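First up is the structure itself, then whatever we jot down about it.
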There are 2 protein chains.
Amino acid sequence: MAQTRWLDEQEMAAWRGFLAAGHLVARRLEQQLKDEAGLSHTQYEILVHLSAAPDGALRMADLAERLITSKSGLTYQVAQLEKAGLVGRRSCTSDVRGVFAELTEQGAAVLREAAPGHVAAVREALIDVLDREQLVVLAEALGEVSRRLRGPDRTGE
Amino acid sequence: MAQTRWLDEQEMAAWRGFLAAGHLVARRLEQQLKDEAGLSHTQYEILVHLSAAPDGALRMADLAERLITSKSGLTYQVAQLEKAGLVGRRSCTSDVRGVFAELTEQGAAVLREAAPGHVAAVREALIDVLDREQLVVLAEALGEVSRRLRGPDRTGE
DNA sequence: ACACCGTGGTTCGAATGTGAACAACCCGAT
DNA sequence: ATCGGGTTGTTCACATTCGAACCACGGTGT
C-alpha cells in the first residue's frame, strides 16, 4: 500500500465545498418544496422524470436508476405518490413482473404548479450564484464524476 | 410574479450533475466507510471535526453547525459514538447547559485507521477525476454557494 | 418439458434525519 | 431581584432510506 496522498489545501476546499453545498442545497430545496408544494424532493424528482418520459410512464427499475435510489426506496415513494393520486401503477404487458409508474393528470398538474417555485429556488441556491464559466466547468466536472460512478465499477480495468 | 426563467441546457447539465454526483459520491463513501471502518459518513465527519478542534472537543451546537445537521441528529449520532467508545461527553464549566463532545483515545485511533482508506475513496470518486483548474473552480464556486446558504436566511431583506 | 440463473418488485427490519415541543439556563434591561 | 427573550441539548413521533431476503417470472440450454 502506497503512502497516503492527503488532500492539499485546494483539494480540501473542493471536497469541503462539495459536501457543504450538497447538504445545504438539499436542505433548502427540501424545505422549499415541502412548503410550497407539499412534496419531498425525491417525490418531485419522480414526477419530473415521469413527465419527461415519452408517454409519462417508466419501469420501476429504470426510474430507480435515474433517481439514483434503491429499488425498495422507490417502491416506497411511488406508493406514497399513488396514495396521493399523483402517480399510477400499470403492469407491463410483455413482462408480467414489470410495473410501470405513470403520471396521472393530477400528478402532471401538481408538477406544473410546483415547477416554477422549484426552479426559482434552484437558481437562487446554486445556478444564479455562479457565472457562466463556473457553470460550464461545474457541469463538465460533475458530469464526468457521475459518469464514472454510474454503472458497474470499472475501477481497475 | 415574473415569468419563470427555466434552465437552459448548460444550467440543467450543471444542476443534474450536481444532484447526481452528490448522490453517487455520498453512496460510494457511505459504503466504503461502512465496509472498511464500520462507520457511517456522518460519524466519520464527527470524528474528523473533533480531531481538528484545538483540544479534540467541541460544543454540540458548534459541531452540529459544522456538520450541517440538525441538533437532534447530532445528539443521536454522538450517542452512538459514545456507545462505541469513540467519543465522550463532558459538560461545560462556564455554561451548565453546554455539552462538549470530545474525541477519546480510541476514537482518535479509529480515525487514524480509517482516514487513509477514506481519503483514497474521496480521491477516486471526486478529486482525482478533476484536473487542477476544475478543482479550483469547483472549490470557489461551491464555496460561494455554501457561504450564501449558511447563516441566517436573508432571502427577502 | 425441465432445470437454472438472472431480473423485477415488494416486503421487512434496522438505522438515520428532521422539526416541534420541552426543560433548564444565560443575559441584559427594568 | 426578576422578568422576558434567546440558547442549549434532549426527547419524541414520524418519514425515509437502504440492503437482504423473498417470490414470481423470463430466457436459455439440453
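So that the names make sense, note that chain A is the first sequence line, chain B the second, and so on, each numbered from 1. The structure presented is a predicted model; accordingly, all values stated were derived computationally and were not measured.
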N/O to N/O distances under 3.5 Å, protein versus nucleotides 26-28 of chain D:
unit_1, atom_1, unit_2, atom_2, d
D/dG26, O4', A/Arg97, NH2, 3.4

Nucleotide [N], atom [atom2] - distance to [atom1] of [X] in whole Å:
X       : N      : atom1 : atom2 : answer
A/Leu81 : D/dT16 : CG    : P     : 9 Å
B/Glu30 : D/dC18 : CD    : C1'   : 10 Å
B/Leu29 : D/dC18 : CG    : C1'   : 16 Å
A/Leu67 : D/dT16 : CG    : P     : 14 Å
A/Tyr76 : D/dT16 : OH    : P     : 4 Å

Quick check on [N]: is either OP1 or OP2 less than 4.0 Å from any side-chain nitrogen or oxygen of [X]?
X       : N      : answer
A/Thr69 : D/dC18 : yes
A/Lys34 : D/dT16 : yes
A/Gln80 : D/dA15 : no
B/Arg59 : D/dG9  : yes

Atom [atom1] in [X], atom [atom2] in [Y]: separation rounded to 0.5 Å?
X       : Y        : atom1 : atom2 : result
B/Glu82 : B/Arg89  : CD    : CZ    : 5.0 Å
A/Arg28 : A/Glu124 : CZ    : CD    : 6.0 Å
B/Leu24 : A/Ile68  : CG    : CD1   : 4.0 Å

Next on the checklist: By the 4.0 Å heavy-atom rule, please label A/Gly98 as base, sugar-phosphate, or nothing.
Outcome noted: sugar-phosphate
Next on the checklist: Please classify the nucleic acid contact of B/Gln77 as base, sugar-phosphate, or nothing, using heavy-atom distances under 4.0 Å.
Outcome noted: sugar-phosphate
Item to check | Any donor-acceptor N/O pair, A/Ser146 side chain to B/Ala21 backbone, under 3.5 Å | outcome: yes
Next on the checklist: Set out, in order, the CA-CA distance, both residues' side-chain angles and the distance that settles salt bridge (Lys or Arg N to Asp or Glu O under 4.0 Å) for B/Arg132 and A/Asp8, then state yes or no.
Outcome noted: CA-CA 12 Å; B/Arg132 208 65 195 185; A/Asp8 64 35; 2.5 Å; yes
Next on the checklist: Students often mix this up, so state it plainly: with edges at 30° and 60°, are the rings of A/Phe18 and B/Phe18 parallel, tilted or perpendicular?
Outcome noted: perpendicular
Next on the checklist: One pair to check against salt bridge (Lys or Arg N to Asp or Glu O under 4.0 Å): A/Glu30 and A/Arg27. What are the steps and the verdict?
Outcome noted: CA-CA 5 Å; A/Glu30 203 69 54; A/Arg27 181 186 290 241; over 6 Å; no
Checklist entry - Contact boundaries of DNA chain C with chain A (under 4.0 Å, heavy atoms), 5' to 3'? => result C/dG6 to C/dT18
Item to check | Ion pair B/Glu65/B/Arg150, N-O distance below 4.0 Å | outcome: no
Next on the checklist: Tell me whether the count of non-hydrogen atoms from other residues, nucleotides or ligands lying under 6.0 Å of NE2 in A/His23 goes above 12.
Outcome noted: no
